[in-house]
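Read through the structure below, which is laid out as structure tokens, and then see the notes.
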Amino acid sequence: MSTALPLKKHASKKHALKKHAPLRPGRVLLHVFLVSMSLAWLAPLLWAIYAALRPYAETSEKGYVSWPDKLTFDNFTNAFTQSDMTHYFGNTMLIAVPAVLVTLFLSSMVAFYVSRFDFRVNLFLLLLFTAGNLLPQQVIITPLYRLYLLIDLPGITMSGKLYDSALGLVLIHVAFQSGFCAFVLANYMKMLPHELTEAALVDGASVWRLYWQIVLPLCKPAMAALGTLLSIWIYNDFFWALVLISTGENMPITSALNNLSGQYFTDPNLIAAGALLTAVPTLVVYFVLQRQFVSGLTLGANKG
């Protein structure tokens, strides 16, 4: 009898799982909406892949809305070689990696100070950092451009000035992204138990040790999420690179796509292939840090 009861319960559960819940109109509409939105988001990407796989002679003759005669990877090969992507990928890494690391480091220090210490202007200081993200980039481009031309850095940059240098792009990215990161990290650090820092202070730990060895290791999920977002944002930047870089060899990969456009003729299929190649590193970063990214975004969801 004792063994028959568990078997009976297991059979009843298995039978219950076989019964499908009735389809409700609201659930059907929800799935139709989700599928439609997914296709709408994927349509430009699929169209770019389709165009990149077709020769331009074929699309110019038959049009883009036509059945292809052949699909090749020639556009990808030509885009990679003609635009010298290896060189411009290096330029982008020279800008993106330091900008991400410096932004996370500085913003975490600001967030630690305003979240773990009580003083009169801590909220105002955090709002001041966050307000920088609300200022449109186009508003300050003229004074910033003139300022970059006036700052001389002989022996530090190739141009001898802050303008037309990777250092200039790193600094502007750090300045614009630190506010958002400080805001996110400050709210995350406020959720950490204050007993940890209070106990460390009683044991004689310095403020630096409190930040570096206690608080910062607990912020790894949030730092990973922000690192992923910063890598994608800075890598995809086009505006600052176009305005603050004048030498073609110093441009990052997004601005270097202009090399695929001729003076009198532009191959849209070739540009589509080049754009898809430039998107590969961001996809790699996202898939490598996907677990940390999702956990960092959802970590505070279950906290009361």
Side-chain angles (χ1 to χ4, degrees), residues 89 91-117 122-137 140 166-194 196-197 207-241 252-254 278-303:
F89 273 130
N91 290 347
T92 303
M93 293 300 104
L94 189 62
I95 297 169
V97 174
V100 171
L101 295 179
V102 174
T103 301
L104 291 178
F105 177 67
L106 295 180
S107 59
S108 63
M109 294 180 68
V110 174
F112 169 76
Y113 192 70
V114 299
S115 62
R116 311 307 289 185
F117 296 94
N122 58 348
L123 181 59
F124 174 76
L125 183 62
L126 182 60
L127 291 177
L128 182 63
F129 273 86
T130 308
N133 293 96
L134 304 179
L135 189 65
Q137 299 175 352
I140 66 168
L167 178 61
L169 288 182
V170 171
L171 292 178
I172 194 62
H173 285 307
V174 171
F176 262 86
Q177 304 299 341
S178 294
F180 172 76
C181 294
F183 176 78
V184 173
L185 289 174
N187 286 279
Y188 182 84
M189 290 180 183
K190 288 179 181 178
M191 297 189 303
L192 300 178
H194 284 270
L196 293 175
T197 55
V207 176
W208 173 258
R209 186 176 182 182
L210 190 67
Y211 158 75
W212 188 255
Q213 295 186 355
I214 297 178
V215 175
L216 199 59
L218 297 176
C219 297
K220 287 182 179 180
M223 297 282 281
L226 288 174
T228 305
L229 291 175
L230 287 175
S231 300
I232 296 174
W233 291 343
I234 295 175
Y235 179 88
N236 289 328
D237 171 67
F238 179 77
F239 178 76
W240 291 119
I253 188 64
T254 51
T278 59
V280 171
T282 58
L283 294 176
V284 172
V285 170
Y286 175 75
F287 284 117
V288 169
L289 300 177
Q290 181 180 11
R291 181 176 299 178
Q292 292 82 356
F293 177 72
V294 175
S295 63
L297 292 180
T298 60
L299 193 59
N302 296 328
K303 294 184 180 292

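Because the structure is predicted, anything quoted here is derived from the model rather than measured.
Residues Val174 and Ala99 approach most closely at CG2-O, 3.8 Å, considering heavy atoms. Between Gln213 and Pro217, the closest heavy-atom pair is O-CG, 3.5 Å. When all heavy atoms are compared, the tightest approach of Ser231 to Val285 is CB-CG1, 4.1 Å. Contact detail for Leu218 and Leu196: the closest heavy-atom pair is CD1-CD1, 3.7 Å. Residues Ser107 and Ala182 share a closest heavy-atom pair of CB-N, 3.6 Å.
Looking at heavy atoms from C-beta onward, Leu192 lies in side-chain contact with Cys219 at the 4.5 angstrom threshold. Considering only heavy atoms from C-beta on, Thr278 stays 4.5 Å or farther from Thr92 through its side chain. Between Ile140 and Phe176, the closest side-chain pair of non-hydrogen atoms falls below 4.5 Å. Side-chain contact between Ser178 and Val110 is absent, with no heavy-atom pair separated by less than 4.5 Å. Side chains of His173 and Leu230 form no contact here, defined as non-hydrogen atoms less than 4.5 Å apart.
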Q | side chain to side chain contact (heavy atoms under 4.5 Å, CB included) evaluation trace for Val215 with Met189 | A | CA-CA 8 Å; Val215 175; Met189 290 180 183; 3.9 Å; yes

(Q) Go through it in stages, so that I can follow the logic: the residues are Phe180 and Leu226, the test is side chain to side chain contact (heavy atoms under 4.5 Å, CB included), and I'd like the CA-CA distance, side-chain angles, deciding distance and then a yes or no. (A) CA-CA 9 Å; Phe180 172 76; Leu226 288 174; 3.7 Å; yes

(Q) Could you go through Leu229 and Gln177, starting from their C-alpha distance and side-chain angles, then the distance that decides it, and tell me whether this counts as side chain to side chain contact (heavy atoms under 4.5 Å, CB included)? (A) CA-CA 10 Å; Leu229 291 175; Gln177 304 299 341; over 6 Å; no

Q: Could you walk me through whether Val207 and Arg116 pass side chain to side chain contact (heavy atoms under 4.5 Å, CB included), step by step?
A: CA-CA 10 Å; Val207 176; Arg116 311 307 289 185; over 6 Å; no

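In terms of modelled atom types and a separation under 3.5 Å, the side chain of Thr254 and the main chain of Asp237 share a donor-acceptor contact. Side-chain atoms of Thr282 come within 3.5 Å of backbone atoms of Ala279 as a donor-acceptor pair (strictly under, hydrogens ignored).
The distance from the CG atom of Leu169 to the CD1 atom of Ile172 is 9.0 Å, given to the nearest 0.5 Å. A distance of 11.0 Å separates CG of Leu106 from CG of Leu101, quoted to the nearest 0.5 Å. For the atom pair CZ of Phe112 and CG of Leu185, the computed distance is 12.5 Å after rounding to the nearest 0.5 Å. Atom-to-atom distance recorded for Tyr188:OH and Ser108:OG is 13.0 Å, nearest 0.5 angstrom. Note: Ile214 CD1 to Thr197 OG1 = 7.5 Å, rounded to the nearest 0.5 Å.
Checked against side chain to side chain donor-acceptor pair (under 3.5 Å), Ser115 has no partners two or more places apart in sequence or in another chain. Residues satisfying the side chain to side chain donor-acceptor pair (under 3.5 Å) criterion with Gln137, sequence neighbours excluded, are absent altogether.
Using bins of under 30°, 30° to 60° and over 60° for the plane-to-plane angle, the ring pair Trp208/Tyr211 lands in the tilted bin. Taking the six-membered ring where tryptophan is involved, the planes of Tyr235 and Phe89 are essentially parallel, since the angle between them stays under 30° and well short of 60°.
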